[in-house]
Number of protein chains: 4
Amino acid sequence: MKKANYGIGLWAFNPCLDRFCASGYKDALTTKKKIELLASVKMASGVELTYPDDFQEMENAELKKYLQKSGLQCIMVSANVFGDRKWMFGSIGSSDKKVRRDAIGVAKRAKDSAEALGCDRITLWLGQDGFDYPFQINYREHLSNLVSGIKEVAEYKPKMKVCVEYKIKEPRTHITIGTAAKALLIAKECGENVGVTVDWGHAMMAYENPAAEVAMLGDKLFHIHFNDSYRYWDDDMIAGSVHTIELVEFMFWLDEIGYDGWYSLDIFPYREDAIEACRLSIENIESARKLAGKIDRKKLLAALETQEAVKSQRVVRELLYPK
Amino acid sequence: MKKANYGIGLWAFNPCLDRFCASGYKDALTTKKKIELLASVKMASGVELTYPDDFQEMENAELKKYLQKSGLQCIMVSANVFGDRKWMFGSIGSSDKKVRRDAIGVAKRAKDSAEALGCDRITLWLGQDGFDYPFQINYREHLSNLVSGIKEVAEYKPKMKVCVEYKIKEPRTHITIGTAAKALLIAKECGENVGVTVDWGHAMMAYENPAAEVAMLGDKLFHIHFNDSYRYWDDDMIAGSVHTIELVEFMFWLDEIGYDGWYSLDIFPYREDAIEACRLSIENIESARKLAGKIDRKKLLAALETQEAVKSQRVVRELLYPK
Amino acid sequence: MKKANYGIGLWAFNPCLDRFCASGYKDALTTKKKIELLASVKMASGVELTYPDDFQEMENAELKKYLQKSGLQCIMVSANVFGDRKWMFGSIGSSDKKVRRDAIGVAKRAKDSAEALGCDRITLWLGQDGFDYPFQINYREHLSNLVSGIKEVAEYKPKMKVCVEYKIKEPRTHITIGTAAKALLIAKECGENVGVTVDWGHAMMAYENPAAEVAMLGDKLFHIHFNDSYRYWDDDMIAGSVHTIELVEFMFWLDEIGYDGWYSLDIFPYREDAIEACRLSIENIESARKLAGKIDRKKLLAALETQEAVKSQRVVRELLYPK
Amino acid sequence: MKKANYGIGLWAFNPCLDRFCASGYKDALTTKKKIELLASVKMASGVELTYPDDFQEMENAELKKYLQKSGLQCIMVSANVFGDRKWMFGSIGSSDKKVRRDAIGVAKRAKDSAEALGCDRITLWLGQDGFDYPFQINYREHLSNLVSGIKEVAEYKPKMKVCVEYKIKEPRTHITIGTAAKALLIAKECGENVGVTVDWGHAMMAYENPAAEVAMLGDKLFHIHFNDSYRYWDDDMIAGSVHTIELVEFMFWLDEIGYDGWYSLDIFPYREDAIEACRLSIENIESARKLAGKIDRKKLLAALETQEAVKSQRVVRELLYPK
């Protein structure tokens, strides 16, 4: 079993506000400070940044140097086309042409910024593209706008990858790219360099088993976000804090499909110390990964062949509760 | 607005058992009796049959004649590869080759039977193909078996349509073809004559808005099942008994995409008189359809263009609650 | 059928932020401005205020006068023991005694302020009292703190009512007072002047049928919040925008139990014009109320006596879709 | 840590049918055979029976002797007022007086039978008492019937305990006694000898954390049913097969409240060997129990006092993933 490389979305060090606690559960920090804190999580060597948010305090060159000095590598740049009221009715899929153009522009510049940091991929999480009410949008035009917009982003600097991250709701009551299958449908339409990001909590919220979805995605799986939840909502909790067996299974199948990307955290530690929450998350993932690594692969695959749950569950149980 | 043609799945007249009430809430009836009851629902002119279940009492020729005499047309034959313990670990997607062959055989014979009744399509609802437990199946082999099996069924008598009906769970805790997008992905892989059946309750259970999904499917929408539910489960209740506005929206979008197929019921009236439940269902659908037909299309599309929910909701509200 | 009195929670005119759009979808307004906007919703004559938030711009006397001038009456004061990071681990139920004392203090002062405005009741929505993780709190101590704290608030100025508003989650993944039954259990323990607020969306999120719960609560129903949602989450949408039949049923049962309080809105019109969202909400509620008023009560009760859904649904259907 | 006593509901050895597979996934067995199989699960020494179902093959005296010979003790008798079409509109809470009287009769005779076997308690799971549709029942009369009926059952042979088992839905879309709090409300009204059965999957389905609910119930917790699920539905899977950390927490809190009753299984091993499913369930529970027993109680309670999830999760993590 080879070593896993861990990354963290820098937003774990944000104030973590919610709609009731507008000032957030923590103080806002500078980008530098956030990077410094993240770097103190020794198991992590990758950082996910958000464009333009994290690119405003330092010039690209300075930021690159600062990351290097901190022992970190930028592994992903997320195009922020969701966190401002201008995107409230959607971004790339908006019915407003000007908004669409702006959103595509942000995504392209996110690619520029990523490239400047030596990073080969961006995230498109189109969280505002969808609807809240019945009878709110023209579904067909919206979908057609989404596809052509993502295609345009993909064709710009085509050596860079575009990772479409799906989520079934929040902040809209219905987000268009809501499941792994819908993301894959769209990725297939948009080009070779377009793939899918599976976020653990987003998968659970869509009643997916994350392991089954990555097995379906195969090499269209471009990136992973870890966290945990109670299934019904994107709670963005500490990874491994609620679900254990499914996490072990996920690690097993990531290896089966030969996933060789980053293992990255997307958590919102509202009431937790962010550093500690990241540490515990990575330790939990790493424990699950090691446990998965101990599975007698041949024995398990033989058990799966019988489809008898008792047999395969016993394989895992013996590792989880050793005598 | 053109006339809608209504059909009913004959199983609405089954005993409607559940796991606690094994003997069912009603007496079992002969196929003839069930058809006779269905025929008494005057608004319905189509019937969905299940193969082999509904083909055992009468020969094809006799059944065809009996349907004609009853004023009914067979609009769909559902291949039963789910209702016997032999399919408990899956049918077309089973890891057991013999089971897969048997399932494909049932589906082909369902096509034969449909053809004999002058019906051009079958349903593949692969409700047993999935898993219950983490670590139960080999997801990749399973998916590959599913696709090649459906393809084989599609290629047999290729003028006949194969309607893949998705459902996210029940009877398995996780069914592989669980969402409209996953069904579409598979349909696209399996051929021109493979499309998707949208069941209202199955869509809701996957947190889909049925209207949005049919708009995505376009001419890959091959069939519709109506019923109603409280979203979390496939309650298979009387259509229109819980949700009103989304039903009106669904009817609007069926017209927008030019759907010209049947409007068919898939209900389980456990504790209701089946005839009355069918009648009320069709009346509700028809009322919603008429209401959708009264929508000032131009005005609504203009409201959708603004994406402002208040505007479009007002269009509907004025029809729902006239002064 | 007597006239209904409508109120609105003033927070409908807030910026409506969420965790992704920290600056909100709208500009922040002064309390005066918010009251002015609310007053422009002619069907509403009551306003719900939050303490201390809405009591900082004007002195009590000035605020009272301003409300009067605006044709509004303060019908409820909500004690804000949730919207600041100091309450992040709970308020009245915190394991930290100082936090508990502070929270009880806020609630008492909310009573003072309500009294000053001629209002006889406060809301205790203890949204931070619960937990996020397994193994996070000492459930028994927490519950005991909750009960003794609410009792203390109730005993202060005991002629004023304390309305416990339940919600199953958000902002915590698990809120202790999560269902109508749990709120009733606690209300019964805490005194005569403690009752329950039913919020439509909170009820739905707990898979309650709001009508059934108000029937259970009887005269322990102290207040109502209207809005709408897709059941799984507290979407706080325009009332009546998604669910129609259950809303009519709710209005029917409010009359059955002789509810004579306010019909108040708790909505978050993130992307909607707040005035228009309030207007449409009240119009929808009023339409459902009128429809419920037209129900032939004797006929309906007779249908309910048979427990046959088709019969009772027909009673409603005939009003909803008149010929 | 004292020894736990394990029991199993005999229905684990039923054919496990569902609405699609009416003949069940297994063959029907005689009561004797089922008891023989159950007895082969060596860790179990208790059996839960259903009245009248399991009392028809043998007379009480013979059954008692047979159980003894098998090394088993009857720990619970469940009154079957749900598994026949006569209860389709409810049992003790039906609007039909005759049905109510019959249901109360069954429950009393269940007490007689339990007593004859030396068992001191019965289960009332009123799974048919509720509604499916909006506008289906008279909620107030129904609730009043429920309470007076349970009271009558409780007052008959008052030394015997009545365990009210709650469940939020299935087979009805809404069951009246749906949550721990509602069961407790009713138990409190019905008498000292009326308490609550917490079923793991029923708790999860109501978005409860089972540990939090047993802490609330205290000595009103009369019985426990173990199984597992994916939260949204009563999947009745092998205990511990999906959720690990919450199971450990549950065991911890059972000890905290001094629970000294049976640890009993309520599983439906549709596609699994029933004996193996029971064995694996008990092994998983026992492993979680032992893990909970290893928790440094003082350290954990101190961590809970801080309400910081990272601290308490670390206590558990170190036991779950030892170095």
Side-chain angles (χ1 to χ4, degrees), chain B residues 204-209 228-233 235 237-249 267 269-292 294 306-323, chain C residues 204-209 228-233 235 237-249 267 269-292 294 306-323:
Chain B
M204 286 227 153
M205 190 160 50
Y207 198 74
E208 294 177 351
N209 176 334
D228 213 343
S229 82
Y230 289 94
R231 298 186 201 270
Y232 292 77
W233 188 251
D235 299 312
M237 298 161 75
I238 293 165
S241 60
V242 184
H243 297 97
T244 305
I245 296 170
E246 285 149 297
L247 186 58
V248 174
E249 192 195 20
I267 64 170
Y270 298 93
R271 296 166 183 81
E272 289 73 44
D273 178 89
I275 294 175
E276 288 306 316
C278 289
R279 279 184 187 145
L280 185 52
S281 291
I282 296 177
E283 288 175 45
N284 284 341
I285 299 167
E286 188 64 11
S287 293
R289 205 178 69 88
K290 280 185 179 151
L291 215 146
K294 282 185 204 154
T306 68
Q307 304 181 81
E308 291 177 32
V310 170
K311 284 191 187 161
S312 48
Q313 284 261 335
R314 281 213 172 277
V315 173
V316 184
R317 185 199 135 64
E318 277 156 28
L319 297 166
L320 190 63
Y321 300 118
K323 281 177 194 170
Chain C
M204 287 227 153
M205 190 160 51
Y207 198 74
E208 296 176 351
N209 175 335
D228 212 344
S229 82
Y230 288 93
R231 298 187 201 270
Y232 293 76
W233 188 253
D235 299 311
M237 297 161 76
I238 294 165
S241 60
V242 183
H243 297 98
T244 305
I245 295 171
E246 287 150 296
L247 186 59
V248 175
E249 192 195 20
I267 63 170
Y270 298 95
R271 295 166 183 79
E272 290 73 43
D273 178 89
I275 294 175
E276 288 306 315
C278 289
R279 278 184 187 145
L280 184 52
S281 291
I282 296 177
E283 287 175 46
N284 283 342
I285 299 167
E286 188 65 10
S287 293
R289 206 179 69 88
K290 280 185 179 150
L291 216 147
K294 283 185 202 155
T306 68
Q307 303 180 82
E308 292 176 31
V310 170
K311 284 190 187 162
S312 48
Q313 284 261 335
R314 280 211 173 280
V315 173
V316 184
R317 185 198 135 63
E318 279 156 26
L319 297 166
L320 191 62
Y321 300 118
K323 283 177 191 166

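The structure presented is a predicted model; accordingly, all values stated were derived computationally and were not measured. The sequence lines fix the lettering, A, B, ..., with proteins before strands; numbering per chain opens at 1.
In terms of the side-chain hydrogen bond (donor to acceptor under 3.5 Å, both in side chains) criterion, residue partners of C:Asn209 (sequence neighbours excluded) are, by chain and number, C:Glu249, D:Tyr139. For B:Arg314, the side-chain hydrogen bond (donor to acceptor under 3.5 Å, both in side chains) partners at least two apart in sequence or on another chain are C:Glu283.
Counting only heavy atoms from C-beta outward, the side chains of C:Gln313 and B:Ile238 never approach each other to under 4.5 Å. By the 4.5 Å heavy-atom criterion applied to side chains, B:Tyr230 and C:Glu246 are counted as neighbours.
To the nearest 0.5 angstrom, C:Leu247 atom CG is 10.5 Å from B:Thr244 atom OG1. To the nearest 0.5 Å, atoms CG (B:Leu280) and NZ (C:Lys311) are separated by 13.5 Å.
In this structure, chain C has no heavy atom under 4.5 Å from any part of B:Glu308. The part of B:Arg317 that comes within reach of chain C is its side chain, from C-beta onward, which places non-hydrogen atoms under 4.5 angstrom from that chain. Residue C:Tyr232 touches chain B through both its backbone and its side chain, counting heavy-atom pairs closer than 4.5 Å. Contact of B:Leu320 with chain C is made through backbone and side chain together, with heavy-atom distances under 4.5 Å.
Between chain B and the residues C:Ala277, C:Ala309, C:Ala288, C:Ser241, the most heavy-atom pairs under 4.5 angstrom are made by C:Ser241.
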